[in-house]
Amino acid sequence: MTTCRALSIHSISQSKTKTSPTMKPPILLTVFALLSCHVPTSQAQSARDIVTKHETAKVEALEQYLASKPDAADKLEALDHIAKGLLVLGDTPKLATILEQKYALLVKGVDANLDEMIGGVVQPLMGHYLQTAEKDKGLAFLAKVKADLAPHPAAGQIAQFLESLAGQFNMPLPGNTMEIAFEDLNGHHVDLSGMKDKVVLVDFWATWCGPCVAELPNVLAAYEKWHDKGFDVIGISLDDDRGRLTSFIETKKMTWPQYFDGKGWQNDLAKKYGINSIPATFLIGKDGKVFKTNLRGEDLQNALQELLAK
């Protein structure tokens, strides 16, 4: 599924990050060389079986290595290989512990390697916290990362990126409610809480987002078919050019209300609900709760059929 995504940490690091020296772990090479002795492949049932056996053996060997040498000079690299193995194996609770240990060893501040820190630790660790709904722990960790990277030349961009990660804890899920109230482009007051007699699609989008524009005909078709039966749409535009937005919605005959604050990815409602890729849609039932998310094409039509054809 194609989406438009917010600023990535890789784009920040390309021009701002100083690369750390490459570590040379002679002992780790020995560990990996021994793996073939522990993982016979002749009895493997599938490619996945081979991968699982090798990754399990690798993780176990490296854990034994660190247990015998807790202060090893190549501990950071050992933790990195363990983390990659656990990611393949899907052992997320154990992975979180390893990532926390790895973060403690990384260089912070001006010389931080953003690809290694954010891409290699922060993002997968936040994925775990989101999956386990550990909001307080996740927010505390992000606050620490922000403080640790405050001296970095890209601190401002990093802070925005970390805020977008923090906002993901507020991403609405089926069964949740959304609080949305604003003055639309025509000066009309819009309040989602007052639309409980309708089925409402909350659509985060932008005129510059190719996938959003590609999906628009499906939304228009759904609106035309179901509007008289109680279906409405609320657009949340991540545009920064009001004139371009106004011209676009007039040309496309998008008659539903639009929220616009001109802040692009820093759109207040997008930040509130942790939106970092678009289109992002939330179908709200007549009970005021999210029914389903990110419906496209026929999936949207089918959901509306389920909710409105009764």
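Treat the numbers as computed from the prediction; the structure is a model and nothing was measured.
Looking only at side-chain heavy atoms (C-beta outward), Pro174 and Asn176 stay at 4.5 Å or farther from each other. Using a 4.5 Å heavy-atom cutoff, the side chains of Lys225 and Leu304 are not in contact. Under the 4.5 Å side-chain criterion, counting only non-hydrogen atoms from C-beta, Glu116 is in contact with Leu76. Side-chain contact between Val110 and His152: absent, with no pair of heavy atoms (C-beta onward) separated by less than 4.5 Å. The shortest side-chain heavy-atom distance between Ile180 and Val190 does not fall under the 4.5 Å cut-off. Looking at heavy atoms from C-beta onward, Trp205 lies in side-chain contact with Ser237 at the 4.5 angstrom threshold. Contact annotation: the side chain of Leu307 never approaches that of Lys286 to less than 4.5 Å [non-hydrogen atoms, C-beta and beyond]. Phe169 places a side-chain heavy atom less than 4.5 Å from the side chain of Leu130.
Across all their heavy atoms, Asp148 and Pro151 have their closest contact at O-CD, 3.7 Å. For the residue pair Pro279 and Pro211, the shortest heavy atom distance occurs at CD-CB, 3.8 Å. Shown here for Gly119 and Pro124, the closest heavy-atom pair between the two residues is O-CD, 3.4 Å. Shown here for Gln305 and Trp226, the closest heavy-atom pair between the two residues is OE1-CH2, 3.2 Å. Of all heavy-atom pairs between Ile278 and Cys209, the closest is O-SG, 3.6 Å. Nearest heavy atom pair, residue Ile249 against residue Thr246, reads CG1-O, 3.3 Å.
A continuous path of Ile, Leu, Val, Met, Phe, Trp and Tyr side chains, each step under 4.5 Å between heavy atoms, connects Leu105 with Ile98, placing both in one hydrophobic cluster. Linking Ile, Leu, Val, Met, Phe, Trp and Tyr whenever their side-chain heavy atoms come within less than 4.5 Å puts Leu185 and Phe248 in one cluster. If you chain together hydrophobic residues whose side chains sit under 4.5 Å apart, Leu106 and Leu79 fall into the same group. When hydrophobic clusters are built by joining Ile, Leu, Val, Met, Phe, Trp and Tyr residues whose side-chain heavy atoms come closer than 4.5 Å, directly or via intermediates, Val202 is grouped together with Phe182.
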Run the numbers on Asn113 and Asp115 for side-chain contact (heavy atoms from CB on, under 4.5 Å), then give the verdict. CA-CA 6 Å; Asn113 183 317; Asp115 280 338; 3.6 Å; yes
Apply side-chain contact (heavy atoms from CB on, under 4.5 Å) to the pair Leu201 and Tyr223, showing each step before the final yes or no. CA-CA 10 Å; Leu201 182 72; Tyr223 187 79; over 6 Å; no
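Note that the CG atom of Leu308 and the CZ atom of Phe231 stand 8.0 Å from one another [nearest 0.5 Å]. With rounding to the nearest 0.5 angstrom, the CG atom of Leu283 is 11.0 Å from the CG atom of Asn294. The CG atom of Asp287 lies 8.5 Å from the NZ atom of Lys196; values are rounded to the nearest 0.5 Å. Between the CG atom of Leu238 and the CH2 atom of Trp265 there is a distance of 6.0 Å, given to the nearest 0.5 Å.
When atom types are taken as modelled, the side chain of Ser46 and the backbone of Asp49 share a donor-acceptor pair closer than 3.5 angstrom.
A ring-centre distance under 6.0 Å is found for Tyr103 and Phe141.
Every residue two or more places apart in sequence or in another chain that forms a salt bridge (charged side-chain N to carboxylate O under 4.0 Å, His left out) with Lys263 is listed here: Asp268. For Phe291, the ring-ring contact (aromatic ring centres under 6.0 Å, His included) test picks out no residue, with sequence neighbours left out.
Ion pairing of Asp71 with Lys75 is absent here, as no side-chain N (NZ or NE/NH1/NH2) approaches a carboxylate O to less than 4.0 Å.
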